[in-house]
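Numbering of ligands and ligand atoms starts at 1, following listing order. Only this structure's heavy atoms are used, side chains among them; waters, hydrogens and symmetry mates stay out.
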Amino acid sequence: MKDVRTGSEGQCQRKRVFIRTYGCQMNVYDSDRMADVLRPLGYALADTPEQADLVVLNTCHIREHASEKVYSELGRLRDAKAERRAEGGDLTIAVAGCVAQAEGEEIVKRQPAVDIVVGPQAYHRLPELLAEAARKSALLRAGKRLPGAGVLDTEFPAESKFDHLPSPQGVRAGSAFLSIQEGCDKFCTFCVVPYTRGAEYSRPVSAVLAEARQLVEAGAIELTLLGQNVNAYHGEAPDGSTWSLARLIRELAEIEGVARLRYTTSHPRDMDDDLIRAHGDVPQLMPYLHLPVQSGSDRILEAMNRRHGRDLFLGIVDRLRGVRPDLALSSDFIVGFPGESDADFDDTMRLIDQVGFASAFSFKYSRRPGTPGAALQDQVPESVKSARLAALQALLGRQAREFNTSKVGATVPVLFAEAGRKPGQIIGKTPWLQSVYAEGNPRLIGRIVDVRLIEGHPNSLAGEIVTGPYEVAA
Ligand code: SAH
Ligand code: SF4
Ligand code: F3S
């Protein structure tokens, strides 16, 4: 159907929404859900903010830099809105996600052009919020004085948003995210997530299985289970028992058509024996695990309230490699947590050396208002953080390159996900979540194809498709 934005009377008038996603995969999943909620209201997806009647910023609060980006984007949107209004049109601006939850009303105070602030637990209420915003805007335009601008919903409603959101529509190129757990009760002293996403909550088993089946019917062959603490999953099963993540994974692997399973993000404390065993005996569970450790120093891990020491992490790595020797490990690191000495940092470098990571994310500690870490004495100077981050990233970069080059020469199954930048090129993922680019027909996107790896780089590999009878480039 052709979209008609400003059609003459009698024509069907469609609206467009542009959603910009910051932060983690939970936000990517939520952005899709918001698109699903808005679709029945007549909103099609726009590719740019310029084409949109409604712009939603799905924000991240994890580090200061992430939050500040939102305000600069809001400044640009305010200007766009003013231009639209001068031309007799309008632009509705909504802020969703973790900044919305953390800052609430402050956002409208700082940027009055914002129409809606909606926290991550209230997305199913978007239709009401939009109607309310439209009503307010009409009153303001009619010259009425209102007690405050903006429409706000940052409640943690008693009912789960999952029960009220429509079923997911989006399967991209054979791969889909499935949110199974949300929130966090761990309260690491650096982290805002327990405040922005609320208490830990696991979706019931039946809801997860039903969504998984729908996704598979819609073309998914890879499911990535999501949660802020996904391996703390403890969902209620129909018979009243509680299922762990391992139990759930075993059941999902039984669904016909599920070729690959992944989960993220996990916490070392919740790597139970059964989950470790599943890495050895569930063939669909990919040999890749993102297991954030943050630091290799027991003293710092304790100050971070991570509730485990260095040995627990190293022990888990050994056990995982015992059942799945080719497991690729990835992690998150924070440098410059308050009180981190050179010796503590060396402990982190030694841990990295000992484990050998296939990939990693690393950050300078960012002081987040309201978290216990922000109040600690002994904050580390910025220059020290920068030097430590550079050293850490150099080591992790070397390890990533070594890991990638170690696979050169192998023929591995690659799930192709998108077209590459160069014409004729397609990009996909190996079981170890490495990006591979190869010459290939876009018809292969969404399929798993054998690829011979020919060149290893720090962040990707080049490969050649091992051509089967029906995979001849057209
Ligand atoms: N639940 C996951 C992490 C979620 S946040 C876990 O427990 O591991 C993603 C990553 O952001 C964290 O692993 C951490 O490395 C980083 N991070 C969180 N808060 C931060 C802060 N205040 N400063 C710097 N990095 C931070
Ligand atoms: Fe944040 Fe810690 Fe919870 Fe992870 S476990 S989300 S780092 S508080
Ligand atoms: Fe950011 Fe919220 Fe995810 S703070 S990392 S978007 S849970």
Within residues 293-315 or reaching into it, pairs that qualify as ring pair (Phe, Tyr, Trp, His ring centres under 6.0 Å) - sequence neighbours excluded: H267-H308
Side-chain donor/acceptor of [X] to backbone N/O of [Y], under 3.5 Å:
| X | Y | result |
| --- | --- | --- |
| S202 | Q181 | no |
| N231 | D270 | yes |
| Q284 | A253 | yes |
| S137 | A133 | no |
| R197 | P120 | no |

Centre-to-centre under 6.0 Å for [X] and [Y], is that the case here?
| X | Y | result |
| --- | --- | --- |
| F416 | Y437 | no |
| H457 | F403 | no |
| F345 | F337 | no |

Keeping to distances under 2.8 Å, can you name the protein N/O/S atoms close to atom 2 (Fe) of ligand 3?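 C98 SG, with waters left out.
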For R306 and ligand 2, answer yes if some heavy atom of the residue is under 4.0 Å from a ligand atom, otherwise no.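 Yes.
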For S244 and Y233, which I'm curious about, is there any donor-acceptor pair between the side chains at under 3.5 Å? no
Are a donor atom and an acceptor atom from the side chains of T196 and Q101 found within less than 3.5 Å of each other? no
At a 4.0 angstrom heavy-atom cut-off, ligand 1 is contacted by I62, R63, F190, Q228, T265, H267, P292, Q294, R306, D332, I334, F363, K364, Y365, S366, R368
Is it true that atom CZ of R401 has more than 12 heavy atoms of other residues, nucleotides or ligands lying nearer than 6.0 Å? no
Enumerated ligand 2 atoms positioned under 4.0 Å from heavy atoms of F190: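 Close to F190: 7 (S).
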When you check the space around atom 3 (Fe) of ligand 2, which protein N, O or S atoms turn up under 2.8 Å?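 Those protein N, O or S atoms (cut-off: under 2.8 Å from atom 3 (Fe) of ligand 2) are C184 SG.
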Which residue, R125, H124, E132, forms the side chain to side chain contact (heavy atoms under 4.5 Å, CB included) with E128? R125
Please determine whether a side-chain nitrogen of the Lys or Arg among R277 and D274 lies less than 4.0 Å from a carboxylate oxygen of the Asp or Glu.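 Looking at R277 and D274, the cut-off is met.
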